[in-house]
Amino acid sequence: MSLLDLVRSDLRDFGGYGSARKTGLKGSVWLNANESPWASPADPGQALNRYPEPQPEALKTRLAALYGVSEDSVLMTRGSDEGIDLLTRALCRAEHDAILVSPPTFGMYAVCARVQAAFVVTVPLIDTGKAFRLDVDSVLRTLELSVAKAPIKIIYVCSPANPTGAAVVLSEIERLLVGVAGRAIVVVDEAYAEYSDHPSALTLRERFDFLVVFRTLSKAYALAGARLGITLADPALIRVLNAIAPPYPLAQPAVALALDAVSESAADEAQRRAGRIAAERERVAAALSRLSGVLSVYASDANYVLVRFFDAEAAFQGLLSAGVVVRDQRAQPGLGNALRITIGSIEENDALLSALNALETIRA
Ligand SMILES: Cc1ncc(COP(=O)(O)O)c(C=O)c1O
């Protein structure tokens, strides 16, 4: 089975929209894209009267070096949210194909499937009380049982996982890839990889052409507002995703900013900051677990911790009234008493801890 057999047959040879920038024509007088000949008075000198490169070469080159892959394995999108959407649409036939997710997990996998009218098959994570583990055996069994009527096309592995925090060890990802054996695409979403000491699944990319890795500049690179996500995959799949992507997905100011944000020195700084967040995570987790209102704090490899409370409603509302906004996870399966708390600056974390301490004092 070849990788492209997993792609919708109607999209395998689809060339997409032939935008003015895709033609590759050279010249000095540009009259092919109905642009304004003048820059806007508001333009800070970026020639924004011109359409941007669909996949900016300089940024692609730098990202390929950063992640240690070839340039034709890189697709840049408006956040990895858009990468998830493109992948779903490229692989899943509406009302026919399925994706597999392991809840509790990041919601966008199922949202994109829903929009594409694809089915969502679930294999819950295993809750050990200290961490959530991917159930590789059940995922493989479920793939085995998946019927021709609704074949599973994409298996999502979130590592470090959102909202649970735990990274999946590389040997488990490898075991999954070996078991799947190209019958589905395996996505490892590494949005939070920089906060973790676990090796990246990118080290397995060369060996498994049906492995897709998502990275983002929204977290450790501090560019959530610029919207820059990266899909790292086999060049044949990247070509398909590129063909169905919007003609000019990336705004030029965001591209310029991203290029600076991933320079060698900026990348070093991003990694140093991620280390500081990881150290804060351990301090906050230890302080949280000493609170009597806290049932458990899950081990985390990311920039947040998942916490179970005796009274999650009181904790959530109490924090809100102190101006501290955390993420309510109670609607997620198995997380009826849990909140996800992002690790912020030392001052922000202290504000969180003192608000929770104040709540304990009131209750006592
Ligand atoms: C696991 C995971 N994947 C992807 C994303 C989306 O990130 P982006 O900002 O790149 O769209 C998030 C955002 O929170 C996330 O938690």
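Numbering of ligands and ligand atoms starts at 1, following listing order. Only heavy atoms go into these numbers, but all of them, side chains included; no hydrogens, no water, no symmetry mates.
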Practice task
Note the single closest protein heavy atom to atom 6 (C) of ligand 1, along with its residue, its atom name and the distance in Å.
Solution key: Asp81 OD1, 3.2 Å

Practice task
May I ask you to identify the nearest protein heavy atom to atom 3 (N) of ligand 1, giving residue, atom name and distance to one decimal place in Å?
Solution key: Asp189 OD2, 2.6 Å

Exercise for the section: Anything under 30° is parallel, anything over 60° is perpendicular, the rest tilted; go ahead and classify Tyr195 against Tyr192. Expected result: tilted

Exercise for the section: Could you find the nearest protein heavy atom to atom 9 (O) of ligand 1 and give me its residue, atom name and distance? Expected result: Ser218 OG, 2.6 Å

Exercise for the section: Please say whether Tyr109 places an N or O atom under 3.5 Å from an N or O atom belonging to ligand 1. Expected result: no

Practice task
Kindly state each residue pair satisfying side-chain hydrogen bond (donor to acceptor under 3.5 Å, both in side chains) with at least one member in residues 227-255, sequence neighbours excluded.
Solution key: Asp81-Arg227, Ser218-Arg227

Problem - Per-atom contacts, ligand 1 versus Arg227 - under 4.0 Å to a heavy atom - result: 8 (P), 9 (O), 11 (O)

Fill in the blank from the handout: Going by the 4.0 angstrom heavy-atom rule, the piece of Lys219 near ligand 1 is side chain

Exercise for the section: Give the intermediate values and the outcome of side chain to side chain donor-acceptor pair (under 3.5 Å) for residues Arg308 and Tyr298. Expected result: CA-CA 8 Å; Arg308 289 193 191 273; Tyr298 284 89; 2.8 Å; yes

Problem - For ligand 1, the portion of Phe214 having any non-hydrogen atom under 4.0 Å away - result: neither

Practice task
Could you pull out, from Thr216, Thr77, Asn162, the option with a heavy atom nearest to atom 10 (O) of ligand 1?
Solution key: Thr216

Problem - Any N or O of Ser80 closer than 3.5 Å to N or O of ligand 1 - result: yes

